[in-house]
Amino acid sequence: MTSPPQPPEYYETLPINVSSRITPSCPAEDQPTIGLIGMGAMGRMYAKHLSEAGWKKICVCDLPEKYDELVESYAGVSNIFPMQDGHAVARSSDFMIYSVEAEFIDQVVAQYGPSTKMHAIVAGQTSVKAPEREAFEKHLPSDVHIVSCHSLHGPGVSPLGQPLILIQHRGSKAALGLVEAILRPLKSRFVYLSYEDHDRVTANTQAVTHAAFLSMGTAWFSAQSYPWEQGLYVGGIETAKVNLTLRIYSNAWHVYAGLAILNPSARIQIDRYAASCTELFKMMLEGGSGGDEEKRKFRKRIEWSQSVVFGKEKKRRPILLSEDYLDRFSMGKTPPMHANSLPPSPTSPTLPARNPNQASPMPPTKYRPNSHLSLLAMVDCWAHLNINPYIHLSLAATPVFRLFLGVAEHLFLSPPLLASAVHSALFDTWHRADDLEFVVAARGWSQCVSFENFEVYRRRFEETRTFFEARFEEASVLGSEMIKAVMESEVRREEEEGLVQ
């Protein structure tokens, strides 16, 4: 049994076990013992970076049956010590991170939490924090600090410059200082939020983004087609779509399931995204086969979402470097095209540019126009939910969200490109079957999340994952290079604009 909760002022005076001014260069006997419970991809990433930083006492554990594998993995690493179970880690650690799936956080903390060392600091690396908070408050002793964390990037992305959320939920300033000191070698950018704000921000920046890419992948799987091999969806912003979709499916399913199923805000947004996909697709069909009024309604809907999401945005350098630059990271060859292969310019008024200084030139003829339904629906969803994606851009944006916003921004702030997409949506039929598969996939993922069933989510994810598995190695290299290039440009922009200290 855990002790009854204490008032907030109790934790301001609760001591910690080592000085918050500690650094990796201090003698081993003065350093904190760092504990990691859960050695999946993120647990191993943390172990790697903390070990390379020079922290000399890192205790790790995973499931008991994986103990021998851990011992073998870290046989030549003098400062990482595999333990038999979480009890051994909890009893010895001054700072401990639970890096387990959100679905199981209550079960794991209930098992090992009571063994937590007195005056230790406990954190969690879960993507959705409501279950973590409940588990910590229910199962941890009252004489330990809770200062949680969450790195907003995947294990394959360098933590350098990425947002690292810190949550001082139940702990002293000294406890927060010690956590900062331990994690500082990751060279991430600390972002300070509450548990509630964390879940709201991550829903706004990740839920719909993940739903869009999951739906793209499922649509391609259902069509049994690799789009970059067909010559239809190749180059430019299609490159970002393909690389990011494969990047998501190359990760473990539970990385996305917890956020989607356990975060109520995420469920609302995923449902709205599916509705936007469906409504826009119906309007495309009605406009394409109907009269001027139906076409006007579709264009007005796009203009409305553009105005809500991008209309008030101040002048800023676009996120995407250029479509030509993205071609360097394409898995497919861009087929040669000619100007006369493009649709004629719309006769109706073109959609207005909200910031003429950011408008792109006419799209290169090598990119075949299509409806870009996934992007139209994304912006439509944000508009319906009154979400301003730029608010969280420098605060807590993941690389995937930043890139997808960049793609949407490029489309909606490039009048010729957007007009071409609207025209294609209404009049071109070659992509209708693909758009239909996408709508069905988006609705399917929304229904899957509404069931709140992790097993259904896992099966749906892994079924699609298998289809792309042979392409992950190539996509991982190209995707990592693409993200690195865009992130370096974004870091420079934020430094120039004074957004990064």
Side-chain angles (χ1 to χ4, degrees), residues 38-43 62-63 65-66 99-108 125-128 130-132 154-156 202-203 206-227 241-275 277-278 374 377 398 400 404 433-473 475-476 479:
M39 289 298 286
M42 287 302 289
D62 209 293
L63 296 171
E65 58 267 28
K66 295 184 178 180
S99 189
V100 299
E101 301 166 33
E103 180 186 8
F104 302 116
I105 188 69
D106 185 78
Q107 174 186 334
V108 176
Q125 184 61 253
T126 55
S127 59
V128 55
E132 175 189 295
T202 53
Q206 297 182 46
V208 179
T209 310
H210 295 164
F213 289 116
L214 290 172
S215 300
M216 286 184 222
T218 298
W220 299 336
F221 163 64
S222 297
Q224 291 292 291
S225 169
Y226 298 118
K241 291 183 190 177
V242 168
N243 286 347
L244 293 178
T245 296
L246 266 64
R247 189 174 194 85
I248 281 179
Y249 275 104
S250 68
N251 289 324
W253 65 273
H254 64 78
V255 173
Y256 311 104
L259 170 64
I261 293 173
L262 297 177
N263 189 327
S265 296
R267 293 200 298 270
I268 292 171
Q269 293 182 27
I270 292 168
D271 183 63
R272 178 60 249 178
Y273 183 68
C277 292
T278 305
S374 63
T398 64
V400 171
F404 203 40
D434 297 326
D435 287 341
L436 175 61
E437 290 285 10
F438 177 75
V439 172
V440 172
R443 293 178 67 92
W445 276 109
S446 178
Q447 291 172 344
C448 175
V449 169
S450 72
F451 296 153
E452 300 183 30
N453 187 300
F454 281 88
E455 180 59 21
V456 172
Y457 192 104
R458 182 192 65 79
R459 289 178 60 184
R460 185 176 176 87
F461 185 97
E462 292 188 344
E463 189 177 53
T464 302
R465 186 185 196 279
T466 302
F467 179 67
F468 295 109
E469 206 156 14
R471 309 304 176 98
F472 286 160
E473 185 175 356
S476 176

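In this chain, residues are counted from 1 in sequence order. Scope of the values below: all heavy atoms of this structure, side chains included, with no hydrogens, waters or symmetry mates.
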Any residue meeting salt bridge (charged side-chain N to carboxylate O under 4.0 Å, His left out) with D106, in chain and number order, not counting sequence neighbours: K138

Answer yes or no: does atom CD of E473 have more than 12 heavy-atom neighbours from other residues, nucleotides or ligands under 6.0 Å? no

Side-chain donor-acceptor contacts of residues 433-441 below 3.5 Å, not counting sequence neighbours, with atom names and distances?
from, atom 1, to, atom 2, distance (Å)
D434, OD2, Y233, OH, 2.7
D435, OD1, S371, OG, 3.2
D435, OD2, S371, OG, 2.9
D435, OD2, H431, ND1, 2.9

With F404 via ring-ring contact (aromatic ring centres under 6.0 Å, His included) - residues at least two apart: F213

List in chain and number order the residues that pass salt bridge (charged side-chain N to carboxylate O under 4.0 Å, His left out) with E469, two or more places apart in sequence or in another chain; answer none if no residue qualifies. R465

With sequence neighbours left out, the residues meeting side-chain contact (heavy atoms from CB on, under 4.5 Å) with T126 are A102, I105, K129, E132

For A203, the side-chain contact (heavy atoms from CB on, under 4.5 Å) test, sequence neighbours excluded, returns N263, S265, A266, Q269

Name the residue from W445, Y273, Y256 that meets the ring-ring contact (aromatic ring centres under 6.0 Å, His included) definition with H210. Y256

dist E463:CD -> S222:OG (nearest 0.5 Å) comes out at 8.0 Å

side-chain contact (heavy atoms from CB on, under 4.5 Å) filter on A130, not counting sequence neighbours, yields D199

Spatial distance of atom CG (N243) from atom CD1 (I248) [nearest 0.5 Å]: 12.0 Å

Under the salt bridge (charged side-chain N to carboxylate O under 4.0 Å, His left out) test, which residues partner R460, sequence neighbours left out? none

Considering all heavy atoms, the nearest L259-Q206 contact: CD2-CB, 3.4 Å

Roughly how far, to the nearest 0.5 Å, is the CG atom of N251 from the CG atom of L246? 11.0 Å

Where the side chain of S476 meets the backbone of F472, is there a donor-acceptor pair that is under 3.5 Å apart? no

Once side chain to side chain donor-acceptor pair (under 3.5 Å) is applied, do any residues pair with Y457, and if so which ones, sequence neighbours excluded? none

For M216 and S374, which heavy atoms make the closest approach, and how far apart are they? CE-OG, 3.5 Å

Value rounded to 0.5 Å, distance of CG in D271 from OG in S446: 4.0 Å

Residue set satisfying salt bridge (charged side-chain N to carboxylate O under 4.0 Å, His left out) with R458, at least two apart, ordered chain then number -> E455, E462

Taking side chain to side chain donor-acceptor pair (under 3.5 Å) as the definition, give me every residue that meets it alongside T278, ordered by chain and number, with sequence neighbours left out. R443

For Y226, check ring-ring contact (aromatic ring centres under 6.0 Å, His included) against everything at least two apart and list the hits. W228, F467

What closest approach, in Å, do V456 and C448 show between heavy atoms, and which atom pair accounts for it? CG1-SG, 3.8 Å

Non-hydrogen atoms of A260 and V449 that approach each other most closely: O-CG1, 3.3 Å

In terms of relative ring orientation, are F468 and Y249 parallel, tilted or perpendicular, with 30° and 60° separating the classes? tilted

Nearest atoms (heavy-atom pairs only) where K241 meets W220: O-CH2, 4.3 Å

Non-hydrogen atoms of V242 and P227 that approach each other most closely: CG2-CG, 4.3 Å

Please round to the nearest 0.5 Å and tell me the distance separating atom CD1 of I268 and atom OG of S450. 13.0 Å

